[in-house]
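Just below is one structure, and these are the notes that go with it.
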Amino acid sequence: GQEHGLLIVKLGHLDLEGALIARDRVGIQDFVLLDAHNSETAFLDNLKKRFTEDLIYTYIGTLLISVNPYKELDIYTKKQMDLYMGVNFFELPPHIYALADNVYHTMLSEANNNFILISGESGAGKTEASKKILQYYAVSCPSSTLMDTVRDRMLMSNPVLEAFGNAKTMKNDNSSRFGKYMDIQFDCQGDAVGGHILSYLLEKSRVVHQNHGERNFHIFYQLVEGGEEDLLRHLGLEKDTKRYSYLVQGECSNVSSINDKDDWKTVKNALSVIDFDANDIEHLFGIIASVLHLGNVHFDGDTKGYATLNTNAALRWLLEIHVQVLHEALTFRKIEAKSEEVLSPFTVDHAIYARDALAKAIYGRAFTWLVNRINESLENRVRGQQKKISDNFLLILCVLSFEQFCINYCNEKLQQLFIQLTLKAEQEEYEAEGIGWEPVQFFNNKIICDLVEEKHRGIISVLDEECMRPGDATDLTFLDKLEEKMGNHPHFVTHKLADKKTRKSLERGDFRLLHYAGEVTYCVVGFIDKNNDLLYKNIKDVIRLSKNPIIQQCFPATEGDSRRRPETVSPLFFNSGKVEICFFLLCLFSLFITGKFDEVLVRHQVKYLGLMEHLRVRRAGFAYRRRYEVFLKRCTCRWGGRTSSVFSPHKPELLFIFCHIQRTKIFIRYARTLFATEDAFEICKHELATKIETCWRGVQARKERDRRAWAVKIIKQFIKGYITRREAKTTDNSEYLAFVRQSYLNRLKNNLPKTVLDKTTWLTPPPVMTETSEILRQLHTRMMVRKYVRGITPQKKAQLQQKVVTSGIFKGKKDSYPSSVAVPFVDTRISQSFCYSVPVVKYDRNGFKPRPRQLILTQAAVYLVEEAKIKQRVDYVSLKGASLSNLGDSVMILHVALNDPKQKGDMVLQCDHLFEALTKLAMIANKQNNIKVVQGSIKFEIQTGKEGGVDFSTGQEPMIYKGKNGHLMVVAPRMKSR
C-alpha cells in the first residue's frame, strides 16, 4: 500500500500529497486531482499505471476504488494495520484500512450509524474486502473477553456463510450467491459488543440447476468429500459427488483452487466457535443430505402421462418422513373440487417441478435458519452505535432472468442514492465554508426506478397483479401486460414493440431495459414462478411431519395454506433494501480484473458503477481541499524555534494562485495548481534540507559544548570531595559524601541478609556511614526476627521448646547430638493414650539379655511394658535421673531409688529415639538437671548393695554385648569431628 519515492524531508513516513511527485510513474492517488477529469481515457490510464505497480487502491475523494489483483499482496499485515490506526484519512496512501478506520472514528465522534457499502461484479473481491474490514476491526478495536468472543464469532461466521451461500461460477471460484448486510454493533466507548447479519435473495435455483462450468453451493461438496465415514453412513451418503444429480450438472465437481476436505474442517470448527451444539450440527447436515437424496428422486411416465416413481430408495433418507407419504406428495397434488380436497396426479414435468421446489424451499429456509442462528450468537444485549458492512453483487448470466432483474433494480436505487448523497455532502461542505453552490448536471435515473417500482404501473406491480389474479397466469401473459402498460416508455422495449433492426436481437419472450449502465435484456421465463416461490400445500403438510427440529422451525404449522398466496419475493427484497441502504456513508468499489489490465472490461465497469459521474460531481467545484493545520504542516517546517516555508520566497504566487481561503479550509480549484505547488516543493526542499542540516549541526554543537562544560565541573567536584572525604562536611565534599552514602545504601539494599542466622554478609560501611549502618543492621535483624516469630505455628513452637531443652542437656556433651537437631520430635511413637510412648530394648540386669519393650511416660510415672503386661513401674519421685555416654550410641540408664523392697533396680535401655525420649522424660518429670552425660563407664544398681557396669567405646561398627569382665560392652560408631 505504501508507494515508492514519497519521503517528505526527514519526517520518516509516506503521505498522499507526497505521492504527487511520483504521479507520472505510479499515477495519482486521488482521481479528484486528475487534471483531465472529464476524460474516461485519462481515468483508465491512471488506473492502469497504479495496477501495474500493484497499487490496487485509489480514491475519488472519500470513495475508495479497489482493483482485484488476483494474487496475494503483502499489504494486510499487522504492521500495516498499526500504520493506519487513528491517522487522518488522507495522511497515508489509499487503503481499505484507511476507509475502515475513518468510518470507525466518524461513528464515535458523530455518534451516528455508518455504512460501508461494497459493490461490484461477481469476482471483484467484495467478499475478501468485507473480510479485510472485519480483520482490521478485530485488531484495532479495544479488547476484552466479551469483545474477543464477538470478534471470533463474527470472523468465524464468514466461512460458514461462504460454505452455505457461495459457489463456483464461470468468473469466480468463491462467488457469493446471496446479498448480505452485516452490522457490527459498538457501545459508546467504541467496543464491539454484538453483530447482526441480514441476508437476502439467496440464489435458490442453483440448488437444482447449475450452468456448465459451475458448481452447487460449497457445503454439498464439503460434506461428501470431507465428511467422516460414520457421519456419511448415518446420512446415507457415499464419498462420490458424481452419484448425486444436483452436483454433476456443471461437470466440474473438482476444482484445483478449492480443497473441500480442508474447508469441511474449517466449517466444522467455525460452527463450534459460533456456539452451535452437536444436535444442531447433526440436524443441519441431515437437511443438506436430504437435498442431495431428493435430487436423486427420478420419475417415469405411465400410459396416461402421469408421473410415477421408479424407486423409493432415495426417499427413506429424506427428513425422517415416511416413504409412502413422500411418494404420494411428490406424485399428486391436492386441489379443491366442490368444497372438497381431492388428489390430482402430476405429470412428469409437474413432479420434477414439485421435487425441485421442495429442494429449493428446504435449502432456502435452512439457510435463513442458519443466518438467524448466527445472529443469536452475535446478539448484543446493550444498545449502541453500529457500523454496517453491506455486500451486494451483480450476476452476469447467459440468460438474465428474475434474480438479475431484482439485483439490477437494487443497483439502480444504489446509484440514485449514491449521487444524491454525494451531491448533498458537497453542498453541505460548500455552505459550511461559505462558498456559493453551483448546480451540477448529472444523469438522474429516477425515470428508470419509476419504470420498475411505480405503483400500479411499474414492472413489479404488474408482476404482483399477474401472480394474484385468478385464472392461468403465465410468463407470456405477464409480458403482454407489460407491453400494454408501458409500451411507450423510452427505456422499455420488447420483440413486439421494437423496430426491425432491434427486433433481430430480441426473442419473443424477452424485454429490454435501458439501465443507467446500459441496455440489459431479460427473459420472462420463470418470472411468475420465482416471484410466487410456490410450494404445493400437500408438500408443505408432509414436510411438517419431519422429526428434524430445524425443519419444524423452518416450516411452522401456523404459516398458512394455499388459499392465501405467499408473500412475493419482490416486496420482501425491495423493502429491506430501501430501509437499509439509506444509512450508508462511504463506499468501496471493486473492479473485476483477469490477471492483466483489460481496458474493455474495466471501461464497462467504470461506466456501470458511475465512477465518472461521481468524479464530475466531486470536481464540479474544487479539486483539492484541506484544513489549514494539515495544509500548513505540509508547507512549513519548524526548527530552532522558527517556522519557515518550504517554498521559495521568489515564487509565492505558486502557493496562492487560484486558491480560496475559507473558514476552516483552503480550497484549490485546479489540480495543475496543486501539482505546480508540489513541483515547487521538490525544487525547494533541497535548500530546506541544507538549512535544516546546518541548524541541526549548530544545535548539536552547542549541546555538546554545554555537556562537556558540565562534565568538567562535576569531575572537579568529585575529585575535591574525595580528597576531603574524611573531613567534616563542607561545601567542597558535601556532594561527594552524599554520593558515597547513596552508593552504599544502594549496594546494601541489594545485599541484605536473608536470615536471622546470617551474621557475615552485612556490607562494611564507609566511615561516614558507620553509625547509620549499625542502626540499620539492628533494625533489619529485628525485622527478620519479628517476621520469623510471627510465622511460627503452635506446633512449631512446641517443637522448638523441646529442642531448647534437648540443647541444654546434650549440646557439646554427646557426639550424636548434632545429627539429631534437624530431626523433628513426634508427640508419641506407639499410642496416643499416653503422654509419650516409644519402643526400646531392655537389657537384663543379670546376663544382659536383650528384650523388646515399650517405654511409656504418663504424668505420674514411667512404665516398662511387654505388650499389655507392665514389667516395671517407677514413680517420678523415685526416679533419681538418667545417665548416658558422650559417644554416638543410643544407650541410657534410668536410675531408680530402691526405697521399696518391691522396687527393681536401675533400667538399662537402648532407644533409637534417644534424644526425643530423654527430652520428653525431662520435661514431663521435671528432671532436666538429673540427666548426666559421662565419659568412660557408668555404674548402675542391680539391687540393694549390688552394682553392675556399662563400658563405652568406639569402633567401626556399633555393637552391644556382655564383656569378659561381666560388664555390658557398648561400642559406638565413630562420629565425624564437629
Side-chain angles (χ1 to χ4, degrees), residues 163-167 177-178 201-211 214-224 235-237 241-250 253 283-299 307 309-321 323 325-333 346-370 401-403 526 529-530 532-546 548 550-555 559 566 569:
F164 285 84
N166 288 24
R177 313 316 298 162
F178 69 104
L201 208 67
L202 175 71
E203 189 189 8
K204 293 185 293 185
S205 60
R206 181 169 293 272
V207 174
V208 300
H209 175 74
Q210 306 93 45
N211 291 330
E214 298 191 353
R215 297 205 317 174
N216 210 321
F217 293 104
H218 293 323
I219 189 61
F220 293 109
Y221 305 92
Q222 292 170 2
L223 175 60
V224 173
L235 298 176
L237 299 177
T241 55
K242 296 179 181 178
R243 298 185 63 85
Y244 302 100
S245 298
Y246 283 164
L247 302 185
V248 298
Q249 298 173 28
S253 297
H283 294 312
L284 182 60
F285 292 142
I287 292 174
I288 302 305
S290 296
V291 172
L292 291 178
H293 289 302
L294 194 57
N296 283 357
V297 174
H298 300 293
F299 303 94
L309 277 171
N310 58 14
T311 177
N312 285 337
L315 293 182
R316 69 188 186 93
W317 298 101
L318 293 181
L319 306 174
E320 305 174 51
I321 302 175
V323 171
V325 177
L326 270 172
H327 183 289
E328 182 179 287
L330 292 174
T331 53
F332 293 86
R333 69 168 172 170
F346 281 144
T347 64
V348 173
D349 289 341
H350 270 98
I352 293 174
Y353 172 85
R355 177 200 66 187
D356 290 346
L358 176 58
K360 291 187 291 183
I362 291 173
Y363 191 85
R365 298 198 185 194
F367 183 81
T368 302
W369 175 89
L370 176 68
S401 187
F402 180 70
E403 293 93 348
D529 285 342
K530 290 176 182 178
N532 274 324
D533 202 18
L534 185 63
L535 193 63
Y536 293 118
K537 178 180 182 302
N538 56 318
I539 294 181
K540 281 188 179 180
D541 293 338
V542 169
I543 293 176
R544 293 180 184 128
L545 299 177
S546 171
N548 188 305
I550 298 179
I551 290 296
Q552 293 171 1
Q553 294 176 49
C554 293
F555 293 87
E559 186 178 43
V569 175

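Computation of the quantities below employed the complete heavy-atom set of this structure, encompassing side-chain atoms and omitting hydrogens, waters and symmetry-equivalent molecules.
- Residues Gln210 and Arg215 have side chains not in contact (no heavy-atom distance under 4.5 Å, counting atoms from C-beta outward).
- The CZ atom of Arg206 sits 10.0 Å away from atom CG of Asn166, with the distance rounded to the nearest 0.5 Å.
- A donor-acceptor pair under 3.5 Å is formed between the side chain of Gln249 and the backbone N or O of Val208.
- If you take CG on Leu223 and CG on Leu237, they are separated by 5.5 Å, rounding to the nearest 0.5 Å.
- Residue Ile352 holds its CD1 atom at 8.5 Å from OG1 of Thr347, rounded to the nearest 0.5 Å.
- Panel note: side chain Ser253, backbone Lys242; no donor-acceptor pair is recorded below 3.5 Å.
- A donor-acceptor distance shorter than 3.5 angstrom exists from the side chain of Arg355 to the backbone of Val297, with no hydrogens or angles considered.
- Nearest approach of Val248 to Thr241, heavy atoms of both residues: CG1-O, 3.6 Å.
- Relative orientation of the Phe367 and Phe178 rings is perpendicular, given thresholds of 30° and 60° on the angle between their planes.
- With rounding to the nearest 0.5 angstrom, the CD1 atom of Ile219 is 9.0 Å from the CG atom of Leu370.
- Interatomic distance, Glu203 CD to Arg177 CZ, rounded to the nearest 0.5 Å: 4.5 Å.
- Nearest heavy atom pair, residue Gly286 against residue Leu235, reads CA-CD2, 3.7 Å.
- The main-chain N or O of Val291 is never found under 3.5 Å from a side-chain atom of Tyr244 such that the two would form a donor-acceptor pair.
- A side-chain donor-acceptor contact under 3.5 Å links Asn296 to the backbone of Ser245.
- Test Tyr363, Tyr246, Phe285, Phe164 against Phe220 for ring-ring contact (aromatic ring centres under 6.0 Å, His included) and you get one pass: Tyr363.
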